[in-house]
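Since the structure is predicted, the reported quantities are computational estimates derived from the model, not experimental observations.
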2 protein chains.
Amino acid sequence: MSFSGKLRKHKNAPEPTLRRLPVYLYFLEKVREEGTINISAPVIGKNLKCDPTQVVKDLSVTGIKGKPRVGYNTYELIHALEEYLGFNRTNEAFLVGAGNLGSALLAYQDNQSLGIKLIAAFDVDTEIIGTSIGSIHVLEYNKMFHLANRLNVEIGVLTTPNHVAQKVAEDMVNCGIKAIWNFTSAILDLPDNIIVQNTSLSTSVAVLLRRLNDSEK
Amino acid sequence: MSFSGKLRKHKNAPEPTLRRLPVYLYFLEKVREEGTINISAPVIGKNLKCDPTQVVKDLSVTGIKGKPRVGYNTYELIHALEEYLGFNRTNEAFLVGAGNLGSALLAYQDNQSLGIKLIAAFDVDTEIIGTSIGSIHVLEYNKMFHLANRLNVEIGVLTTPNHVAQKVAEDMVNCGIKAIWNFTSAILDLPDNIIVQNTSLSTSVAVLLRRLNDSEK
DNA sequence: GCACAATCGAGAATTTTTTCTTTATTAAAA
DNA sequence: TTTTAATAAAGAAAAAATTCTCGATTGTGC
Ligand SMILES: NC(=O)c1ccc[n+]([C@@H]2O[C@H](COP(=O)([O-])OP(=O)(O)OC[C@H]3O[C@@H](n4cnc5c(N)ncnc54)[C@H](O)[C@@H]3O)[C@@H](O)[C@H]2O)c1
Ligand SMILES: NC(=O)c1ccc[n+]([C@@H]2O[C@H](COP(=O)([O-])OP(=O)(O)OC[C@H]3O[C@@H](n4cnc5c(N)ncnc54)[C@H](O)[C@@H]3O)[C@@H](O)[C@H]2O)c1
């Protein structure tokens, strides 16, 4: 099991595949912009430096069929990937902790879709409350409880300091939030039905440093 | 193969293990602060909600031996993990693109170690050049070429807009940078000996949304 | 229209990762 | 001191993921 969060088996796609799908999606969006109508697995593989048969296997989870000697229809494939990943739905989310990282995520909203849409941000710092980051207002933390009920938001993004993360996460759960995207290093202890997606940057650093060290001898 | 970057086999630890190690490390630092001297794999497993035999196998890559009925020495294990991951070394890095995300990473430096140490930031925006974020000055982009030679930096953090990422990455390589931590969505095409660690947030979102959808039916 | 080359798709084989089992060690209890 | 229970370690088994192989299909050129 991985530490990305609580274990839950996906009948459909293996997690490694799932993690690759957004990369295909980004690549396909780029080639579509360039006017490419059809693209084959070997071409995708060459660009993304990965095995073409894996490309075929990965993309098969979308249900889209490619044609021999032609490949996949770019538009169709993009649509199916967005559908499969849920990126075409709104996926409204709250963000708590509009500090350094939280602000970056809020500002990112305007430019490009992340797959989820932050619709409100909450903080306890009176300096920050009332300001707007991107197009999103930062509200007083206590307002979360009231708004959550009204808006029926299911996703919470957690970017507070580590030491308050557990408390804030519990509050989120009490607000009806079903899935937490956790950027803190805190190990959250929550009911089993709550989905916790941990996104620790140290994980990336660990892999990077090890590859760097391995390459140097 | 995963899209985290170019493939390179680790004789020692499997990549899934490598990604879990920083989580153990964070947890162990927390329990050490609480005064715990020894900790066993079953206890770690219970806290981190994972299989205890996997904990044993994962931690074995550090070379640290645990004692039956006692567990591991917390201090010794932390030290070995830091050593293994390279987190105790300085790992100096340049950051290019001191925008929303770049600033957040720069500001993060002061508080807590990420495993790498940003020693300089570069940008092309004259509004940003000359300012300081955290304790790091943002310098004019062209200065990178001169400084890199002098400081012998091997790691570059890439947080520019997507459309300039390839160009900036090539510049980094020309500066002698060996490993790039890429936060952009761009698919970088660089010489084979350059390590590219892609850290796309969409990947996390994809897994989160799928788990959320799966849980709802 | 027919041969040919490219490539998808499905399943087999291989490799990697996780989980299970067994054994040996250790500290605490009797 | 001896017994007992907990647990690490090592290896086996199982599961998962990747890569390989081969047959089927489709467009291109002859
Ligand atoms: N900044 C980064 O680049 C970075 C990178 C990786 C991980 N992280 C993690 O992300 C988290 C946030 O980091 P940051 O650098 O943005 O910190 P930060 O201090 O800049 O931001 C935290 C924000 O949370 C707010 N906050 C504090 N207590 C709160 C509460 N009880 N309820 C609601 N809001 C509260 C603060 O007012 C602040 O605005 C930390 O856990 C950090 O470890 C940050
Ligand atoms: N902000 C986020 O939360 C977030 C999340 C995920 C991914 N990303 C990715 O990170 C990257 C940066 O995002 P951001 O929101 O920080 O963007 P941003 O526009 O705030 O920052 C980009 C910075 O790069 C600088 N820049 C532009 N061209 C440059 C060049 N040629 N050389 C050096 N610097 C240059 C700009 O001046 C700016 O300061 C993007 O690729 C984005 O997709 C951002």
Is the shortest side-chain heavy-atom distance between A/L101 and B/L101 below 4.5 Å?
yes
If you only use heavy atoms from C-beta on, which nucleotide in C/dC8, D/dA8, C/dT18 is closest to the side chain of B/P16?
C/dT18
Could you tell me the separation between the NZ atom of B/K46 and the C1' atom of D/dA6, rounded to a whole number of Å?
12 Å
For the backbone of B/F183 and the side chain of B/T199, can you confirm whether one donor and one acceptor N or O come within less than 3.5 Å of each other?
no
Atom CG of B/N38 to atom P of C/dT26: distance rounded to whole Å?
14 Å
Between D/dA6 atom C1' and B/I39 atom CD1, what is the distance in whole Å?
15 Å
For atom NZ of A/K49 and atom C1' of D/dT18, their distance in whole Å:
20 Å
When the nearest nucleotide of DNA chain D is assigned to B/G71 and to A/D58 on a heavy-atom basis, which residue is associated with the more 5' position?
B/G71
Below 4.5 Å, heavy atoms only, C-beta onward: do B/Y26 and B/L81 meet side chain to side chain?
no
Answer yes or no: does a side-chain N or O of A/R19 lie under 4.0 Å from OP1 or OP2 of D/dA17?
no
Looking only at atom types and distance, does a side-chain atom of A/R20 sit under 3.5 Å from a main-chain N or O of A/E15, one as donor and one as acceptor?
no
Distance, rounded to the nearest Å, where A/E76 contributes CD and C/dC8 contributes P
14 Å
How would you label the contact of B/P42 with the nucleic acid (heavy atoms, under 4.0 Å): base, sugar-phosphate, or nothing?
sugar-phosphate
Under 3.5 Å, is there a donor-acceptor pair between the side chain of A/R211 and the main chain of B/V196?
yes
Could you list, one pair per line, each protein nitrogen or oxygen that sits under 3.5 Å from a nitrogen or oxygen of nucleotides 21-30 of chain D, together with the distance?
unit_1: D/dG27; atom_1: N2; unit_2: A/R69; atom_2: NH1; d: 3.2

At under 4.0 Å between heavy atoms, what does A/K57 touch on the DNA or RNA strands: base, sugar-phosphate, or nothing?
base
Could you tell me whether the side chain of B/S103 and the main chain of B/G99 form a donor-acceptor pair under 3.5 Å?
yes
Could you state the atom-to-atom distance from CG of A/D51 to P of C/dT15 in whole Å?
14 Å
I need the NZ-P distance between A/K65 and C/dA10, as an integer number of Å.
4 Å
Donor-acceptor pair, A/T159 side chain versus A/G97 backbone, under 3.5 Å?
yes
What is the distance from CG of B/L59 to C1' of D/dA9, rounded to the nearest Å?
13 Å
